[in-house]
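Reading through the structure tokens given below for one structure.
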Amino acid sequence: MDKIWLVIQREYLSRVKKKSFLLATLLTPLIFPAIMAVFVWIAVEEKENQSLRIIEVVDENKLFFMESSQQYAFSFSDSSPEEAKLLVQNGDRYGFLYIPKIDLKNPQGITFYGEENPSMSLVSYLESSLKKKIEDQRLYDSGIDPQILSDIRTSVDLKSITLNQKGEEKVSDATVNYAIGFLAGILIYMFIFIYGNQIMQGVIEEKSSRIVEILVSSLKPFQLMMGKIVGIAGVGLTQLLIWIILIGTLTTVVTGILGLQMPQEQAMELAQADMIQTDNSEFTEILQVIAGIDFISIISSFIFYFLGGYLLYGALFAGIGSAVDAPSDAQQFMLPVTVPLIVAYMGLFVFVLQDPNSTTSFWLSIIPLTSPIAMMGRVSYGVPFWELGLSMLLLILGFLATTWLAGKIYRIGILMHGTKPSYKTLWKWIKSSN
């Protein structure tokens, strides 16, 4: 155990002391918000500087009136289609919308002409506007005033409350649960790939430089592998904790600065005090949703699945690294490792976040190769204790199984040079008892 601890210390300190680690750890919480701010700024600037685009409309039905927006204006005329096309070609119009004589029950032939391909937003805007006009006209032809239906239509805000077995009520919000599951699943997916590849690269470098031949003279290959896996896991956990502290500190500081810059909000808060105390207040509902989130369960589950998923896949990455002499040779063995991760990633969006209680979501969150990502997509929605316990138990057993499997490959492959092993060779190493 002492030798494994020495390897853990070596792997941990050698990476934490690097300038690249410090820069990545300190700058990452600033880079992503900065990138988002730049994109928002560019979008705002483009929207402000973008000139109004005029679209010529030739309506042979004399029924359609297109409402202008901040970006597009519509000019209606009795011009012929050829004359309208010339306006587009001469640059006097951004585009030309041609509405021929149509059957309102089966509208066909409506065409947009432009010098450049229209954006999806423009096409969607035109289609929805024309659809509404056609529906209104059909209602009018049937003797129904469209305004009556417009007045009847209303929006419904559904409030979701979860009941436990004791009858206790907890306010929840599907959007918040989706966001938590999405972020947690993506973070685990990224960390497994990033730090798993670091293990593989480190093993390949030590093997190619023959340093490993000196190391295995004083400790067993399994001890070296476990020390490397746990040491890099510590690096990842340290980086994650620093990010959480930095992001929390920055959020507190920025909130404080904004509060100092806008003291008039205090008066507004006092004026809104009566509204906040009412049961129907939107602010009260937000507080109830936040109070209903089990942060302790989510954070503890995230740490467990972060470490469990990393250790499970880290052993496989270490085994692959020990079997090859160069990163290019490792690509042939990456497929069996990456496929379960991709399945878990796709399943997170297709099944888990859409219906966390479905049969597919259950099995994705139970199978060890997919559970680190899938289960984090379900935890925020609430998972029965027995399902969570079974998933964790199987993940531990999966880690032990992959560690045993990788250890069989590692103890032979780490000292093999100049050969390109195949799957058949790896199978022989696994079956070998020497």
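Side chains included, hydrogens not; waters and symmetry mates left out as well; all remaining heavy atoms used. Keep in mind that this is a model prediction, so the values were computed, not measured.
- The CZ atom of Phe399 sits 9.5 Å away from atom CG of Leu395, with the distance rounded to the nearest 0.5 Å.
- For CG of Asn117, the number of neighbouring non-hydrogen atoms (other residues, nucleotides, ligands) closer than 6.0 Å is 12 at most.
- For Ile296, the CD1 atom is loosely surrounded, since the number of other residues' heavy atoms within 6.0 Å does not exceed 12.
- Residues Val230 and Ile4 fail the side-chain proximity criterion, which asks for heavy atoms closer than 4.5 Å.
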Inset, instruction - Tell me, with the steps shown, if Val235 and Gln239 meet side-chain contact (heavy atoms from CB on, under 4.5 Å). - result: CA-CA 6 Å; Val235 175; Gln239 194 170 52; 5.6 Å; no
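- In terms of heavy atoms, Leu388 sits closest to Ser301 at CD2-OG, 4.2 Å.
- Between Tyr423 and Pro336 there is a side-chain heavy-atom pair separated by less than 4.5 Å.
- A donor-acceptor pair under 3.5 Å is formed between the side chain of Thr111 and the backbone N or O of Gly109.
- Of the possible donor and acceptor atoms, none in the side chain of Tyr410 sits under 3.5 Å from a partner among the backbone N and O of Ala315.
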Inset, instruction - Just do the side-chain contact (heavy atoms from CB on, under 4.5 Å) check on Glu115 and Val88 with the steps written out, would you? - result: CA-CA 7 Å; Glu115 286 192 335; Val88 177; 3.9 Å; yes
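- Judged by distance alone, the side chains of Ser391 and Tyr305 do bring a donor and an acceptor atom under 3.5 Å apart.
- Within the 4.5 Å cutoff, the side chain of Met225 has no heavy atoms near those of the Arg411 side chain.
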Legend entry - Pair Ser119-Ser121, side chain to side chain donor-acceptor pair (under 3.5 Å): steps then yes or no: CA-CA 5 Å; Ser119 63; Ser121 61; 3.0 Å; yes
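- Judged by distance alone, the side chain of Ser129 and the main-chain N or O of Leu126 form no donor-acceptor pair under 3.5 Å.
- The side-chain heavy atoms of Ile134 and Phe64, taken from C-beta on, include a pair separated by under 4.5 Å.
- Counting heavy atoms from C-beta outward, Ile55 and Leu122 have side chains that approach closer than 4.5 Å.
- The main-chain N or O of Phe351 is never found under 3.5 Å from a side-chain atom of Asp355 such that the two would form a donor-acceptor pair.
- Counting only distance, with no hydrogens or angles, the side chain of Tyr310 and the backbone of Ile229 share a donor-acceptor pair below 3.5 Å.
- Using modelled atom types, no side-chain atom of Ser361 and backbone atom of Asn357 make a donor-acceptor pair closer than 3.5 Å.
- Distance alone, capped at 3.5 Å, is enough to place a donor-acceptor pair between the Thr338 side chain and the Met334 backbone.
- Phe317 CZ to Ile192 CD1: the interatomic distance, rounded to the nearest 0.5 Å, is 8.5 Å.
- Taking the six-membered ring where tryptophan is involved, the planes of Phe349 and Tyr345 are perpendicular, since the angle between them exceeds 60° and thus also 30°.
- Between atom CD1 of residue Ile430 and atom CD1 of residue Ile412 there is a gap of 9.5 Å, rounded to the nearest 0.5 Å.
- Here the closest non-hydrogen pair linking Phe302 and Ala184 is CE1-O, 3.7 Å.
- What you find for Val324 and Phe333 is that their closest heavy atoms are CG1-CE1, 3.8 Å.
- Side chain of Ser380 to main chain of Asn177: a donor-acceptor pair is present (N/O by atom type, distance under 3.5 Å, no hydrogens or angles).
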Inset, instruction - Apply the test side-chain contact (heavy atoms from CB on, under 4.5 Å) to residues Tyr178 and Gln354: give CA-CA distance (whole Å), side-chain angles for both, the deciding distance (0.1 Å), then the verdict. - result: CA-CA 8 Å; Tyr178 186 100; Gln354 301 299 325; 4.2 Å; yes
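- Aromatic ring pairs are classed by plane angle as parallel below 30°, tilted from 30° to 60° and perpendicular above 60°; the pair Phe96 and Tyr98 is tilted.
- Classification of the Tyr94-Phe112 ring pair by plane angle, with boundaries at 30° and 60°, yields tilted.
- Side-chain contact of Tyr313 with Thr402: a donor-acceptor pair under 3.5 Å is absent, judged by distance alone.
- We find the NZ-CD1 distance between Lys428 and Ile409 to be 14.5 Å, quoted to the nearest 0.5 Å.
- Residue Leu335 comes nearest to Pro340 through the heavy atom pair O-CD, 4.5 Å, listed as atom of the first residue, atom of the second, then distance.
- Using a 4.5 Å cut-off on side-chain heavy atoms (C-beta onward), Met375 and Val383 make contact.
- You'll find the side chain of Val337 reaches within 4.5 Å of the side chain of Ile320, heavy atoms only.
- With values rounded to the nearest 0.5 angstrom, Ile232 atom CD1 is found 4.5 Å from Ile199 atom CD1.
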Legend entry - Check against salt bridge (Lys or Arg N to Asp or Glu O under 4.0 Å), Arg15 and Glu11: CA-CA 6 Å; Arg15 284 170 168 78; Glu11 294 293 333; 2.4 Å; yes
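- Nearest heavy atom pair, residue Leu426 against residue Ala323, reads CD2-CB, 3.8 Å.
- The minimum heavy-atom distance linking Ile99 with Leu130 is given by the pair CD1-CD2, 3.8 Å.
- We find the NZ-CD distance between Lys132 and Glu135 to be 8.5 Å, quoted to the nearest 0.5 Å.
- In terms of modelled atom types and a separation under 3.5 Å, the side chain of Tyr381 and the main chain of Val352 share no donor-acceptor contact.
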Inset, instruction - Begin with the C-alpha distance, continue with both residues' side-chain angles, and end with the deciding distance and a verdict on salt bridge (Lys or Arg N to Asp or Glu O under 4.0 Å) for Arg378 and Glu387. - result: CA-CA 11 Å; Arg378 297 183 63 201; Glu387 290 186 17; 2.8 Å; yes
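- Tyr125 and Tyr72 have parallel rings, their planes meeting at less than 30° on a 0 to 90° scale where 60° marks the start of perpendicular.
- In this structure, Thr370 contributes its side chain and Leu364 its backbone to a donor-acceptor pair below 3.5 Å.
- Between Leu348 and Tyr189, the closest side-chain pair of non-hydrogen atoms is not below 4.5 Å.
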